[in-house]
Amino acid sequence: MKTAIITGASRGIGREVAIKLAREGVAVALFARSLTELQALDAEIKIQGGKAIHWALDISEEHNVQRAVHHVLQEFGHIDILINNAGIGTFKPIEETSMGDWDSVMNTNVKGTFLLTKAVLPSMREKRSGLIISVASDVSRRTFANGALYCASKFAQDAFLSAIRKEVRKDNIRVSTIMPGLVDTFFHGSPVGNPEKTNWLKSTDIANAISYIVHSPDHVVIDELMLHPSHQDY
Ligand code: NJP
């Protein structure tokens, strides 16, 4: 049975990815900070006949990331897939952006991706296979006013993953980066289903893209996949 760690599994894209992969027969390890939501999702997956475990953590804390990955290895025996999905954003003029904003966005989007990737690599290298899929953003490649911090974090995340792709290919580990445009999730505190988000991508669109990568044959590396809602002006 294939296994996957999914960060940011408590809601939005990560939750949808976890449900889809579990239905497809992947054992899923659900990571996020909100224990109650993780417990509910874990139970939902099990009711549907899937296999799940969960671990509540902040992905920017190295010790907790190491403990969580260790727990997954003990429970599942191996890790085939890491999905770096957890992420946050703040959107405001730079003079209003605090050190606290800087630290929380950079620590989640960049440091979290670094810590999870670093933690899973030894076991993937040992079995000479693995797939690391990360949800970056279309703003890993473009910028917009009042988005300097978020764009900087997503450019950095993308650059980190692009270099890692070259570093780990000799061990048969594939690294894929998804760059979505606007997705109707809970991102930045906005409820799912707000009328202005009607034409946005849905979490299921991103889950389908991730499933496509997961089920691609071993000799195929999907380096990058950018997708937008057809109505987005970018
Ligand atoms: O957002 P949301 P999305 N440690 O808010 C978790 C990217 N993206 O699904 O910890 C651990 O519904 C949080 O869980 P909790 C975006 O940059 C989005 O849209 O319990 N987990 C929740 O499960 C991000 O990388 C759009 O609060 C942490 C999840 O992250 C990814 O898509 C466009 C955490 C966020 O769920 C998924 O975001 C785009 C931490 N420190 C890229 N901090 C878009 N929605 O339009 C947060 O280009 N989480």
Side-chain angles (χ1 to χ4, degrees), residues 5-20 28-42 54-65 67-69 82-91 100-101 103-117 119 133-144 147 149-158 160-161 177-194 196-207 209-210 224-229 231-232 234:
I5 291 175
I6 301 158
T7 72
S10 61
R11 58 176 187 267
I13 293 169
R15 189 178 194 284
E16 211 59 55
V17 171
I19 290 169
K20 181 159 182 71
V28 290
L30 315 168
F31 287 5
R33 292 165 300 180
S34 310
L35 179 60
T36 314
E37 281 79 357
L38 292 181
Q39 286 169 331
L41 178 59
D42 184 313
H54 63 273
W55 192 276
L57 83 164
D58 183 328
I59 57 158
S60 67
E61 294 170 355
E62 183 172 24
H63 180 62
N64 287 329
V65 169
R67 282 180 58 216
V69 169
L82 165 66
I83 300 178
N84 284 311
N85 164 73
I88 57 168
T90 58
F91 305 96
D101 294 330
D103 286 343
S104 56
V105 172
M106 286 296 185
N107 285 349
T108 305
N109 299 357
V110 189
K111 188 176 168 190
T113 299
F114 156 62
L115 290 177
L116 262 301
T117 303
I133 304 173
S134 305
V135 182
S137 175
D138 68 337
V139 303
S140 301
R141 297 293 165 78
R142 68 181 177 89
T143 61
F144 60 96
L149 173 54
Y150 183 64
C151 293
S153 77
K154 289 293 177 177
F155 268 67
Q157 185 188 29
D158 177 38
F160 172 80
L161 293 162
T177 305
I178 308 234
M179 302 183 191
L182 295 166
V183 193
D184 183 7
T185 65
F186 300 90
F187 192 69
H188 199 47
S190 139
V192 170
N194 260 6
E196 79 269 15
K197 303 202 287 186
T198 304
N199 291 324
W200 292 18
L201 297 172
K202 309 295 173 228
S203 291
T204 47
D205 298 317
I206 313 304
I210 288 178
E224 300 171 355
L225 206 160
M226 187 179 284
L227 61 166
H228 287 101
H231 288 85
Q232 184 176 344
Y234 57 93

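Each ligand, and each atom within it, is numbered from 1 in the order the structure gives. Owing to the predicted nature of the structure, the values given are computational and were not obtained by experimental measurement.
- Between the side chain of His188 and the backbone N or O of Gly89 there is at least one donor-acceptor pair closer than 3.5 Å.
- Shown are Gln232, His231, Glu196; of these, the side chain to side chain contact (heavy atoms under 4.5 Å, CB included) with Leu182 is made only by Gln232.
- On a distance-only criterion, Leu182 and ligand 1 share no N/O pair closer than 3.5 Å.
- A salt bridge is absent between Lys154 and Asp158; no separation between the charged side-chain nitrogens and carboxylate oxygens falls under 4.0 Å.
- From the protein, the heavy atom lying nearest to atom 19 (O) of ligand 1 is Thr185 OG1, 2.6 Å.
- In this structure, Lys154 is part of the shell of residues with a heavy atom less than 4.0 angstrom from ligand 1.
- For the residue pair Asn84/Ser134, the side-chain donor-acceptor check at 3.5 Å is satisfied.
- Within the 4.0 Å heavy-atom criterion, the part of Thr108 lying near ligand 1 is the side chain and not the backbone.
- No side-chain donor-acceptor contact under 3.5 Å links Lys111 to the backbone of Asn109.
- Applying side chain to side chain contact (heavy atoms under 4.5 Å, CB included) to Leu41 and the options Ile6, Leu30, Val28 leaves one that passes, Leu30.
- With hydrogens left out, the protein atom closest to atom 9 (O) of ligand 1 is Ile13 N, 2.9 Å, a heavy atom.
- Taking atom 38 (O) of ligand 1 as the reference point, the nearest protein heavy-atom neighbour is Phe187 CD1, 4.1 Å.
- Close contacts of ligand 1 with Asp58, meaning ligand atoms under 4.0 Å from a residue heavy atom, involve 4 (N), 40 (C), 41 (N).
- At least one donor-acceptor pair closer than 3.5 Å links the side chain of Thr7 to the backbone N or O of Asn85.
- The proximity of Ala136 to ligand 1, defined as any non-hydrogen pair under 4.0 Å, is limited to the backbone.
- At a threshold of 4.0 Å, the pair Glu224-Arg141 counts as salt-bridged, since one of the basic side-chain nitrogens sits closer than that to a carboxylate oxygen.
- Taking the six-membered ring for Trp and thresholds of 30 and 60 degrees, Tyr234 and His228 have nearly parallel ring planes, at less than 30 degrees apart.
- The heavy atom nearest to atom 20 (O) of ligand 1, out of those in Gly112, Ser34, Gly12, is found in Ser34.
- Atom numbering of ligand 1 starts at 1 in the shown order; those under 4.0 Å from a heavy atom of Leu57 are 4 (N), 11 (C).
- Here the shortest heavy-atom pairing between Ser34 and Glu37 reads CB-OE1, 3.1 Å.
- Ligand 1 has a nitrogen or oxygen under 3.5 angstrom from a nitrogen or oxygen of Val183.
- Of all protein heavy atoms, the one closest to atom 6 (C) of ligand 1 is Gly8 CA, 3.6 Å.
- Using a non-hydrogen distance threshold of 4.0 Å, Ile88 registers as a contact of ligand 1.
- A side-chain donor-acceptor contact under 3.5 Å links Thr117 to the backbone of Thr113.
- Contact annotation: for Tyr150 versus ligand 1, heavy atoms closer than 4.0 Å belong to the side chain alone.
- The protein non-hydrogen atom at the shortest distance from atom 25 (O) of ligand 1 is Asn85 O, 2.8 Å.
- The closest approach between any non-hydrogen atom of Pro180 and ligand 1 is below 4.0 Å.
- Counting heavy atoms only, Ser10 comes closest to atom 15 (P) of ligand 1 of the residues Ala9, Ser10, Pro229.
- Those atoms of ligand 1 with a heavy atom of Val135 less than 4.0 angstrom away are 7 (C), 25 (O), 31 (C), 32 (O).
- Asp101 contributes no side-chain N or O that, together with a main-chain N or O of Thr90, makes up a donor-acceptor pair within less than 3.5 Å.
- Considering all non-hydrogen atoms of both residues, Ala68 and Trp55 come closest at CB-CD1, 3.3 Å.
- When only interatomic distances are considered, the shortest N/O to N/O separation between Phe186 and ligand 1 falls below 3.5 Å.
- Below 4.0 Å from some heavy atom of Gly87 lie the following atoms of ligand 1, by number and element: 24 (C), 25 (O), 30 (O), 35 (C).
- With Ser104 contributing its side chain and Gly100 its backbone, the two residues share a donor-acceptor pair below 3.5 Å.
- Shown here for Val135 and Pro180, the closest heavy-atom pair between the two residues is CG1-CG, 4.0 Å.
- Protein heavy atom at the shortest distance from atom 28 (C) of ligand 1 is Ala86 CB, 3.7 Å.
- The closest approach between Leu38 and ligand 1 stays at or above 4.0 Å for every heavy atom of the residue.
- Considering both main-chain and side-chain atoms, His188 never comes within under 3.5 Å of ligand 1 through any nitrogen or oxygen pair.
- Nearest to atom 2 (P) of ligand 1 among the protein's heavy atoms is Arg11 NE, 3.6 Å.
- The closest protein non-hydrogen atom to atom 4 (N) of ligand 1 is Ile59 N, 3.0 Å.
- The closest approach between a heavy atom of Gly181 and any atom of ligand 1 is below 4.0 Å.
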